[in-house]
Amino acid sequence: MKRKDYLSWDQYFMGIAILSAQRSKDPHTQVGACIVSPDKKILSMGYNGMPIGCDDDQMPWTSDGDPLDTKYLYVCHAEFNAILNSGAKTLRDATIYVTLFPCNECTKAIIQCGIKKVVYLEDKYPDSDAVIAAKRMMDMTGIEYVQYPKPERQITLSL
């Protein structure tokens with residue numbers, strides 16, 4: 001008889017997004033993303049971090065102050081990184097699992113590459129202009145977005 005306590009596909013892919021978030025060096029918010037084909041194959045992953053070649057020891061990580069001295073003008077978001085990391089693979093009709101609801105800029109990229117579903121863990125900024133605009137664009141383009149249900153059991157890693 002087979003095991004009955006194995007991970008569902010959603011648990012598996014969100015678990016990969018959560019694990020990917022742990023690569024982020026952002027001291028405040030760590031975000032991970034996992035893009036999956038309609039036939040349940042992982043196409044790409046990403047996390048929020050500085051662009052390749054930008055030494056993250058020399059880049060700002062603060063959230064306050066002059067915009068040029070904060071992380072916001074420099075950090076690549078997890079969704080954007082996952083899309084760029086996909087290379088030449090088509091993302092048409094894919095699902096993206098992400099630990100934080102996408103902003104408006106990432107939503108533009110999600111729309112442009114043909115992703116059709118967003119599964120998100122948290123929506124920490126639902127009243128922000130960026131998230132309101134993102135939801136408006138997803139609604140216009142027929143992209144489904146659903147919140148991942150709180151896990152019934154904690155997924156733990158033993159290394």
Side-chain angles (χ1 to χ4, degrees), residues 3-50 61 63-64 70-87 89-159:
R3 276 181 50 217
K4 298 205 184 283
D5 63 343
Y6 57 89
L7 297 176
S8 71
W9 285 116
D10 282 341
Q11 289 172 317
Y12 178 61
F13 297 131
M14 187 57 77
I16 290 170
I18 292 167
L19 186 61
S20 295
Q22 298 308 302
R23 282 285 308 143
S24 175
K25 295 174 184 155
D26 190 319
H28 180 66
T29 305
Q30 300 82 45
V31 181
C34 179
I35 303 175
V36 180
S37 71
D39 61 344
K40 309 289 188 215
K41 304 286 188 279
I42 295 173
L43 300 172
S44 189
M45 294 169 281
Y47 56 89
N48 58 316
M50 295 298 170
W61 287 105
S63 303
D64 300 316
T70 69
K71 64 183 178 179
Y72 297 114
L73 295 177
Y74 306 102
V75 168
C76 292
H77 289 185
E79 306 92 324
F80 190 61
N81 262 333
I83 290 167
L84 293 175
N85 289 340
S86 70
K89 295 178 193 162
T90 182
L91 303 180
R92 188 143 317 279
D93 299 324
T95 297
I96 187 166
Y97 290 79
V98 65
T99 58
L100 185 63
F101 197 92
C103 71
N104 61 305
E105 293 299 321
C106 290
T107 296
K108 293 175 196 177
I110 288 167
I111 292 167
Q112 289 299 94
C113 71
I115 291 172
K116 291 297 180 198
K117 185 174 181 180
V118 175
V119 180
Y120 64 94
L121 187 61
E122 291 184 83
D123 188 358
K124 286 173 49 174
Y125 310 105
D127 298 325
S128 69
D129 290 344
V131 170
I132 291 169
K135 289 178 181 175
R136 197 176 285 174
M137 288 186 285
M138 286 186 207
D139 290 340
M140 281 181 174
T141 58
I143 293 176
E144 179 184 4
Y145 51 94
V146 294
Q147 186 164 18
Y148 180 80
K150 293 291 181 197
E152 296 169 14
R153 64 185 170 104
Q154 185 70 23
I155 299 170
T156 57
L157 298 173
S158 56
L159 303 175

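Side-chain contact between I16 and Y97: absent, with no pair of heavy atoms (C-beta onward) separated by less than 4.5 Å. Contact check for Y47 versus Q30: no side-chain heavy atoms found under the 4.5 Å cut-off. Side-chain contact between V146 and K117 is present, with heavy atoms from C-beta onward closer than 4.5 Å. Annotation: side chain of F13 is in contact with side chain of I42 (closest heavy-atom distance under 4.5 Å). Within the 4.5 Å cutoff, the side chain of I96 has no heavy atoms near those of the C34 side chain. The side-chain heavy atoms of D26 and W61, taken from C-beta on, include a pair separated by under 4.5 Å. The shortest distance between side-chain heavy atoms of L121 and M14 falls below 4.5 Å. Annotation: side chain of T95 is not in contact with side chain of I35 (no heavy-atom distance under 4.5 Å).
N85 contributes no side-chain N or O that, together with a main-chain N or O of G46, makes up a donor-acceptor pair within less than 3.5 Å. Judged purely by atom type and a 3.5 angstrom limit, Q22 has no side-chain atom pairing as donor or acceptor with the backbone of L19.
The distance from the NZ atom of K116 to the CD atom of E144 is 11.5 Å, given to the nearest 0.5 Å. Here the NZ atom belonging to K108 is positioned 13.0 Å from the CD1 atom belonging to I83, to the nearest 0.5 angstrom. The distance from atom CD of E122 to atom CZ of F101, rounded to the nearest 0.5 Å, is 13.0 Å. Atom OG of S44 sits about 8.5 Å away from atom CG of L84, to the nearest 0.5 Å. Atom CE of M138 sits about 7.0 Å away from atom CD1 of I111, to the nearest 0.5 Å. Atom CG in L43 sits 8.5 Å away from atom CD1 in I115 (nearest 0.5 Å).
Looking at N48 and S24, their side chains do bring a donor and an acceptor atom within 3.5 Å of each other. Side-chain contact annotation: D39 with S37, donor-acceptor N/O pair under 3.5 Å present.
Scanning both residues, A33 and A82, for their nearest heavy atoms gives CB-CB, 4.1 Å. The two residues A134 and P102 have their closest heavy-atom pair at CB-O, 3.5 Å.
Annotation for Q112: atom CD does not count as buried by contact number, only 12 or fewer foreign heavy atoms lying within 6.0 Å.
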| said: side-chain contact (heavy atoms from CB on, under 4.5 Å), that's the test. Do E79 and V118 meet it? Break it down for me. | reply: CA-CA 10 Å; E79 306 92 324; V118 175; over 6 Å; no
| When you look at Y120 and L100, which way does the side-chain contact (heavy atoms from CB on, under 4.5 Å) test go after all the steps? | CA-CA 6 Å; Y120 64 94; L100 185 63; over 6 Å; no
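Using a 30° and 60° split on the angle between ring planes, W9 and Y12 fall in the perpendicular class, above 60°.
For residues 132-142, the side chain to side chain donor-acceptor pair (under 3.5 Å) pairs, not counting sequence neighbours, are D123-K135, D139-Y145.
A130 is linked by a side chain to side chain contact (heavy atoms under 4.5 Å, CB included) to C103, N104, S128, counting only residues two or more places apart in sequence or in another chain. Annotation: side chain to side chain contact (heavy atoms under 4.5 Å, CB included) contacts of D127 (sequence neighbours excluded): none.
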